[in-house]
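Have a look at the structure below, then the notes.
None of the values given here were measured: they were computed from a predicted structure.
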Amino acid sequence: MPSMREEIQRRRTFAIISHPDAGKTTLTEKLLLYGGAIQQAGSVKGKQSARHAVSDWMEIEKQRGISVTSSVLQFEYDGRCVNILDTPGHQDFSEDTYRTLMAADAAVMVIDAAKGVEAQTIKLFKVCTLRHIPIFTFVNKMDREARDPFELMEEIETVLGIQTYPMNWPIGCGKAFKGVYDRAAKHILAFQGDGRANGVRMVDTIEATLGDPQLDDLITAPLHAQLADDVELLDGAGMDFDEEAVQRGALSPVFFGSALTNFGVEPFLRDFLRLSPSPLPRNAMDGPVDPYRDEFSGFIFKIQANMNKAHRDRIAFLRICSGKFERGMEVTHVQGGKKIKLAQSTQLMAQDRATVDEAYAGDIVGLFDPGIFSIGDTLCTGKQTVQFEGIPTFAPEHFARVTQVDTMKRKQFVKGMEQIAQEGAIQIFRDLGGGMEEVIVGVVGVLQFEVLEYRLKNEYNVDIRMQNLPYEQIRWITDPETDPKTLDLTSDTRRIEDLKGNKLLLFTNSWSIDWAMEHNPSLRLCEFGRNE
């Protein structure tokens, strides 16, 4: 039996981030396929087919072919226990994505070879750099027309401000894509697609020296000459590979491939598991918590209601930070100030569940939530309680007034709004001293309004009216002694509070913020709140 330390050391927990349509969900599928977790990958593009990507479970995801919520997927590969946090790539779901990144020890950044670094990638990358976690880059869709690889590398370095090191190098692209050159092993992995999305025949690895005449037959003479020039340039001008720089998030290893055709996925997976860290220490109020300490600890980073429509349940996703989890164990719920028993625990493969009897630091487990957990809550054992740093609440960018159509369904309306808000998909505000009859909903992206309306109708049987509001900026008032009613503000600035009673201001533009700061010298505002 492996020891607790050995079990923790073999864990790898990472998130996959990308701009919409870069191929993130497809890459996730193929990693699961190689890990033996699924027998057949669902072609994500085939939205009309009965099969959908296994990580997309909500009905609205299947209809649109996009990932709306973050899934947690686990599989075994080459002696490692791998946890993938599959984050929503759609630009309208970035707040859930931000929080999920708080539970990861590394990130895989998927970049479209034709489009390069896109807007959403930049936002997500910044969240990763806040924690200095290792970032690995997978340049996808090499089987289509692509930009010059040197140009792509330069763009990653310039736009994201991180050094790059290509682990392999592409040979051609699109119809002329012949494979990749492995720089460390100095051999060529040849590619031959069979024209079908999920099918590919991988030619055996060719041990060939650049300049060997047989390469002319395998990859054509012009591409052979181009590869020789590229490799000479990389070896001559490029930096040496620095594993320590990878670990502190200063250097990103870059891999080229095509997730849709499976090409380059397994070599990437092998190198990623070799270079990525086992579970990292986590910051708590009293200092870092060592993952190998005997006492169990973890924090809630996501709550999802109604994953099983037959049971109307709520699942709290817990990232284990130290020690060992055992089903039925008694833990301290730090924020609740009491001991609770963790009797119902699951691991999830999208909507499919399996009961978990034990898990270790690095693992993600789903806990049945009777309504006591909030995002950022700490659970732990031992006499000395720990409390992990709160997860930031990111500022919404779009606002709407929401009311229920049928006032007789007030109870269902309030319950639905509060539960969806607790999941962190939306934020609810109200006018100072106001009730829940009319609320202001803030979201990071406008599509979340559609999801809110869909879920209230389908899960709580409540119809709503929604009116978009003109506000563009929101700020938390950091001093609890400040009375918003006494502030000198522009006429279009709105004084509101959240469900916890924190006071906030809604502004229509940046000029109104400047006015507030100028006319109220003691006012202190913050761009994000905290789930304490």
Anything under 30° is parallel, anything over 60° is perpendicular, the rest tilted; go ahead and classify F429 against F399. tilted
Indicate the ring-plane relationship of F256 and W169, choosing parallel, tilted or perpendicular according to the 30° and 60° boundaries. perpendicular
Walk me through whether Q473 and S510 qualify under side-chain contact (heavy atoms from CB on, under 4.5 Å). CA-CA 7 Å; Q473 307 264 9; S510 301; 3.4 Å; yes
Might you point out which heavy atoms bring [X] and [Y] nearest each other, and give the distance in Å?
| X | Y | result |
| --- | --- | --- |
| L260 | R144 | CD2-NH2, 4.1 Å |
| K141 | D21 | NZ-O, 2.6 Å |
| P288 | N283 | CG-OD1, 4.0 Å |
| L318 | G298 | CD1-C, 3.7 Å |
| I135 | C128 | CD1-CB, 3.7 Å |
| R131 | L101 | NH1-O, 2.6 Å |

Tell me, with the steps shown, if F255 and F272 meet ring-ring contact (aromatic ring centres under 6.0 Å, His included). CA-CA 10 Å; F255 301 81; F272 171 77; 8.5 Å; no
Say you draw a straight line from CG of D377 to CG of L367; how long is it, rounded to the nearest 0.5 Å? 11.0 Å
Here's a test for you: under side chain to side chain contact (heavy atoms under 4.5 Å, CB included), which of T137, N168, L152 qualifies with V254? T137
Under-4.0 Å salt bridge between [X] and [Y]:
| X | Y | answer |
| --- | --- | --- |
| D290 | R293 | no |
| E155 | R147 | yes |
| K24 | D112 | no |
| R282 | D105 | yes |
| R80 | E76 | no |
| R11 | D363 | yes |

Apply side chain to side chain contact (heavy atoms under 4.5 Å, CB included) to M466 and list each qualifying residue two or more places apart in sequence or on a separate chain. A400, V402, F449, L452, E453, I464
Are the side chains of [X] and [Y] in touch, meaning some heavy atoms are under 4.5 Å apart?
| X | Y | answer |
| --- | --- | --- |
| I111 | F138 | no |
| I428 | D498 | no |
| I122 | V117 | yes |
| F388 | S297 | yes |
| T13 | R319 | yes |
| D271 | P253 | no |
| P134 | P277 | yes |

Taking [Y]'s backbone N and O only, do any of them form a donor-acceptor pair with [X]'s side chain (distance below 3.5 Å, no angle check)?
| X | Y | value |
| --- | --- | --- |
| Q335 | T378 | yes |
| R475 | L525 | no |
| N458 | Y454 | yes |
| N83 | G362 | yes |
| R10 | G79 | yes |
| S258 | D143 | no |
| T26 | A259 | no |

Trace of the side-chain contact (heavy atoms from CB on, under 4.5 Å) decision for K302 with I375: CA-CA 6 Å; K302 172 182 170 63; I375 287 167; 5.8 Å; no
Could you check whether Y471 and E397, counting side-chain N and O atoms only, form a donor-acceptor pair closer than 3.5 Å? no
Say whether N509 and S512, considering side chains only, have a donor N or O and an acceptor N or O under 3.5 Å apart. yes
For F177, which residues count as a ring-ring contact (aromatic ring centres under 6.0 Å, His included) partner, sequence neighbours excluded?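 Partners of F177 under the ring-ring contact (aromatic ring centres under 6.0 Å, His included) test: F191, F263.
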Walk me through it: do E157 and T164 pass the test side-chain hydrogen bond (donor to acceptor under 3.5 Å, both in side chains)? CA-CA 7 Å; E157 295 193 355; T164 58; 2.7 Å; yes
Go through the steps for I420 and R455 under the test side-chain contact (heavy atoms from CB on, under 4.5 Å), then give the verdict. CA-CA 9 Å; I420 295 170; R455 290 190 60 190; 4.0 Å; yes
Within 45 degrees of the ring normal and closer than 6.0 Å to the centroid, is that where the cationic atom of R494 sits relative to F507? no
Are F136 and F268 close enough that their ring centers fall under 6.0 Å? no
Does the separation of the ring centres of Y165 and F241 fall below 6.0 angstrom? yes
Given side-chain contact (heavy atoms from CB on, under 4.5 Å), test Q9 with Y292 step by step and report yes or no. CA-CA 9 Å; Q9 278 176 338; Y292 301 106; 3.1 Å; yes
Quick one: salt bridge (Lys or Arg N to Asp or Glu O under 4.0 Å) partners of E145, sequence neighbours excluded? none
